[in-house]
There are 2 protein chains.
Amino acid sequence: MARTVSERSDVLPLLAEAFREHGYEGASLALIGEATGLGRGSLYHFFPGGKEEMASAVLGEIEAWFETNIFEVLRTAEHPESALLQTLDATEEYFRSGRRICLVGAFALSDTRDRFSRALRHYFNEWRAAVAAALTKTGQTSPEAAANAEEIVLGIQGALVLARALDDPGIFSRAIGRIRSRLPKARTKRRRSGNG
Amino acid sequence: MARTVSERSDVLPLLAEAFREHGYEGASLALIGEATGLGRGSLYHFFPGGKEEMASAVLGEIEAWFETNIFEVLRTAEHPESALLQTLDATEEYFRSGRRICLVGAFALSDTRDRFSRALRHYFNEWRAAVAAALTKTGQTSPEAAANAEEIVLGIQGALVLARALDDPGIFSRAIGRIRSRLPKARTKRRRSGNG
DNA sequence: GTCTATAGATCGATAGAC
DNA sequence: GTCTATCGATCTATAGAC
């Protein structure tokens, strides 16, 4: 058998899955060891702060993914309407059409919330602000955009809860579909008031 | 010091709060003992099945509350529009305007989901069906009502997640407000097509 | 019916060999 | 850098006195 990983960044996705499946408390070091194929020694070599540092690193990795693939795209979009559609697709794919939960949301409802409250706050605030920024660029007023952004993010989280509880990924897909259908339509700039 | 409770039903609300605050895994028997003022002996007298039976009883109590105060009201309403408003008020009060989480939703996102999957499924299915039944009675078609009911329940859950993560109960209140404003308006039956 | 004491398992974390 | 052995703390559950 080969020497396996030896890169901290390679371990993070495996760690993330372990926390997603079992929660922070439920993911014991024995379980994490199985999931990563690493012994306690290696784990503590990569994460001297123990389990808390593991979870913190995972949250950072998730935040970074959303920053790159969602938030940044929304904030810098020249065509906000298509950016909203594109990031909605990415979101649907990320959550595997409702079969995967949002670890940040799960942490928010658990007693680990206080431990990671800064990360949770930052993640959802950035998400909400990025969607609002894109909506504003489509012509919505600032209060409109803020309300709609909040509703979109909250709808995604609620859909994940319900999809998980009822074991029905279709709930998530339908929710994404409703969000998509209510997005502002891009105005074709070449014609005035084009029909379509 | 008095003999304290000695009624199983008196312990349930205290148990519920303990599970809400610390989650299933996080609520240790030591913590539960403090929250209820009962020793292990008394706890195991009331709940021979241990912690699992405690959580199960709490879920049953929650389900019963919603059955009485929400589901039944919605299903049997003569005036579905006002029943929807009334149960929305009750929901807002139950979740203390967003300061209290939904234990069923929290369980859905944790690894205890499988253990209580039947209870979770039943709770959310009943909720969704009851809202849909009321919406149907207001004149919505069956598919319309089903989609809207799903969106309402999911919106409540998502609002609780976001409110908790951002430590901002206002998110929940705003979400309830949006739901309320989109509810079908009662038609005044005495006049035809009264202006409102 | 309620308590204390404690069994037996598992937890996160550390030490030290290689 | 990775492992195994093991620590002390904490967990759920049980036993038995009152």
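A note on names: the letters A, B, ... follow the listed sequences, proteins ahead of strands, and every chain is numbered from 1.
- With salt bridges taken as basic N to acidic carboxylate O contacts below 4.0 Å, none links B:Arg174 and A:Glu151.
- Between the side chain of A:Lys137 and the backbone N or O of A:Arg75 there is at least one donor-acceptor pair closer than 3.5 Å.
- You'll find that the side chain of B:Ser42 is closest to C:dC3, out of C:dG12, D:dT2, C:dC3.
- Summarising the geometry, the separation between CZ on A:Arg8 and C1' on D:dG1 is reported as 15 Å, rounded to the nearest angstrom.
- Separating the NZ atom of B:Lys51 from the C1' atom of D:dT14 is a distance of 17 Å, rounded to the nearest angstrom.
- Rounded to whole angstrom, the span from the CG atom of B:Leu38 across to the P atom of C:dT4 amounts to 11 Å.
- Clustering ILVMFWY residues whenever any of their side-chain heavy atoms sit less than 4.5 angstrom apart, transitively, puts B:Leu31 in a cluster other than the one holding B:Leu103.
- As a whole-Å value, the separation of B:Glu34 CD from D:dC11 C1' is 15 Å.
- You'll find that the side chain of A:Leu29 is closest to C:dG12, out of C:dC11, D:dA13, C:dG12.
- If you measure from atom CZ of B:Phe47 to atom P of D:dT14, you get 15 Å, rounded to the nearest angstrom.
- Rounded to whole Å, the distance from CG on B:Leu31 to P on D:dT12 is 9 Å.
- Going from atom CD of B:Glu53 over to atom C1' of D:dT14 covers 16 Å, rounded to whole Å.
- Minimum atom distance to the side chain of A:His45 is reached by D:dT2, of the listed C:dG12, D:dT12, D:dT2.
- Relative to the side chain of B:Arg40, the nucleotides C:dT4, D:dG1, C:dT14 differ in distance, and C:dT4 lies closest.
- Between B:Gly39 and A:Gly41, the residue whose closest nucleotide on DNA chain C is further toward the 5' end is B:Gly39.
- The A:Phe46 side chain lies nearest to D:dT2 when the options are C:dT2, D:dC11, D:dT2.
- Between A:Glu25 and B:Glu25, the closest heavy-atom pair is CB-CB, 4.1 Å.
- Rounded to whole Å, atom P of C:dG1 lies 19 Å from atom OH of B:Tyr44.
- The salt bridge (charged side-chain N to carboxylate O under 4.0 Å, His left out) test with A:Arg100 singles out one residue from A:Glu21, A:Glu17, A:Glu92, A:Glu93, and that residue is A:Glu17.
- When the side-chain nitrogen and oxygen atoms of A:Ser28 are compared with OP1 and OP2 of C:dC11, one or more of them lie within a distance under 4.0 Å.
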